[in-house]
Amino acid sequence: MRVQARFFAAYRELTGASGAEVDLPEGATVADLIDTLREQGPSFSVLPARPAVAVNLEYAPPETELSDGDEVAFIPPVAGG
Amino acid sequence: MPYAEITADPLDPARLLARVGSSEDGAVLLFLGTVRNHADGRSVSGMQYEGYQEMALEVLRRIAEEASERFSTPNLAVTHRLGALEIGEVSVVVAVSSPHRAEAYGASRYVMEEIKRRLPVWKKEFYVEGAAEWVRGTVPPADGSPAPHSGAGDP
């Protein structure tokens with residue numbers, strides 16, 4: 001399956017990318033996606049090991065299972081207001 | 001029904017105020033968040049707000065609904081701005097009305113505290129001396145759940 005990763009604010013600047021398409025085996029979780037990305041190369045290894053993540057606009061813990069076509073956003077510490 | 005929006009346009013507090021208030025409400029409360037000219041002893045020249053816009057709208061709607069339920073304040077409106085803001089510009093508006101003041105204060109406080117905890121919005125401070133930095137933020141809860149006792153005490 002293939003998911004769409006998105007990076008915002010500090011994570012976008014750290015990785016130099018606003019997003020990435022990632023191929024994962026069936027049954028992969030949020031944690032698997034993060035680990036896969038971090039092993040892909042220097043631009044993604046700068047991401048924290050367990051960042052906050054949202055799947056399809058909802059915060060999702062690392063054990064959340066992913067599905068084909070999911071949008072997975074990496075959420076830096078928030079600073080609204 | 002509470003109202004929530006995320007926008008890149010300048011905020012007009014009167015527009016939000018017009019969404020609340022009723023003949024049953026004896027208290028109308030308006031909160032504005034504005035861009036200040038200093039942070040940790042450094043002079044600030046402006047602020048850039050970035051948001052995960054689609055998600056931020058969902059989260060802000062939920063926060064507004066939670067506040068309305070917890071404090072029985074259906075007359076509640078909140079908006080958060082994104083983009084480049086100058087010193088003194090309004091970044092967030094919360095308007096709420098209620099029969100008595102305690103509920104309005106509680107609901108307004110709840111909305112602001114939850115925005116700080118979990119709204120996917122970030123801001124970069126630009127300093128007078130030239131540098132710019134992302135404001136150190138709050139790690140949101142992994143499941144996005146509200147704080148058990150957020151706001152000004154229990155309703």
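Sequence lines set the chain letters: A, B, ... in the order given, protein chains first and strands last, and positions in each chain run from 1.
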Exercise for the section: Could you list which of residues 93-102 of chain B have a heavy atom closer than 4.5 Å to any heavy atom of chain A, in residue-number order? Expected result: none
Practice task
Flag yes if Val111(B) and Leu30(B) sit in one hydrophobic cluster, no otherwise; membership is Ile, Leu, Val, Met, Phe, Trp, Tyr, and two members link when side-chain heavy atoms are under 4.5 Å apart.
Solution key: no
Problem - Transitive ILVMFWY side-chain link Leu85(B) to Met112(B), under 4.5 Å - result: yes
Problem - same_hphob_cluster(Leu32(B), Val28(B)) at 4.5 Å side-chain heavy-atom cutoff - result: yes
Exercise for the section: Examine whether an atom of Thr138(B) lies under 4.5 Å from a heavy atom of chain A, and if so say whether it belongs to the side chain, the backbone or both; otherwise answer neither. Expected result: both
Problem - Distance, nearest 0.5 Å, that separates CD of Glu71(A) from OH of Tyr52(B) - result: 3.5 Å
Exercise for the section: Return the minimal non-hydrogen interatomic distance between Gly81(A) and Val92(B), and the atom names on each side. Expected result: C-CG1, 4.0 Å
Practice task
Would you mind telling me which of Lys116(B), Glu58(B), Arg136(B) has the largest number of heavy-atom pairs within less than 4.5 Å of chain A?
Solution key: Lys116(B)
Exercise for the section: Heavy-atom distances under 4.5 Å only: say whether Glu54(B) touches chain A with side chain, backbone, both or neither. Expected result: both
Handout entry: For the student: nearest non-hydrogen atoms of Glu13(A) and Lys124(B), plus distance
Key = OE2-NZ, 2.7 Å
Exercise for the section: Hey, could you give me each pair passing ring pair (Phe, Tyr, Trp, His ring centres under 6.0 Å) that has a residue in residues 59-80 of chain A? Not counting sequence neighbours. Expected result: Phe7(A)-Phe74(A)
Practice task
State whether the number of non-hydrogen atoms from other residues, nucleotides or ligands found under 6.0 Å of Asp23(A) atom CG is greater than 12.
Solution key: yes
Handout entry: Approximate separation, where rounding is to 0.5 Å, of Tyr11(A) OH and Trp134(B) CH2
Key = 12.5 Å
Handout entry: Minimum-distance pair of heavy atoms, taken over all atoms of Val78(A) and Arg118(B)
Key = CG2-N, 3.9 Å
Handout entry: Crowding at CD, Glu21(A) (>12 non-hydrogen neighbours, <6.0 Å)
Key = yes
Practice task
Give the cluster check for Tyr127(B) versus Tyr49(B): same hydrophobic cluster or not, with ILVMFWY residues linked at side-chain heavy-atom distances below 4.5 Å.
Solution key: yes
Handout entry: Arg81(B) versus chain A, the contacting section by heavy-atom distance below 4.5 Å
Key = neither
Handout entry: Glu63(A), CD atom: more than 12 neighbouring heavy atoms under 6.0 Å
Key = yes
Problem - Contact origin within Val121(B) toward chain A - heavy atom pairs under 4.5 Å - result: both
Practice task
Please determine, among Pro61(A), Gly80(A), Ala9(A), Ala60(A), the option with the most heavy-atom pairs under 4.5 Å with chain B.
Solution key: Ala9(A)
Practice task
Locate the shortest heavy-atom distance separating Gly137(B) from Pro77(A); write the atom from each residue and the value.
Solution key: C-CB, 3.5 Å
Fill in the blank from the handout: Residue from Pro62(A), Ala54(A), Pro76(A) scoring the most non-hydrogen pairs under 4.5 Å with chain B is Pro76(A)
Problem - Same apolar cluster (I L V M F W Y, side chains within < 4.5 Å links), Val78(B)/Leu119(B) - result: yes
Exercise for the section: Heavy-atom distances under 4.5 Å only: say whether Arg6(A) touches chain B with side chain, backbone, both or neither. Expected result: side chain
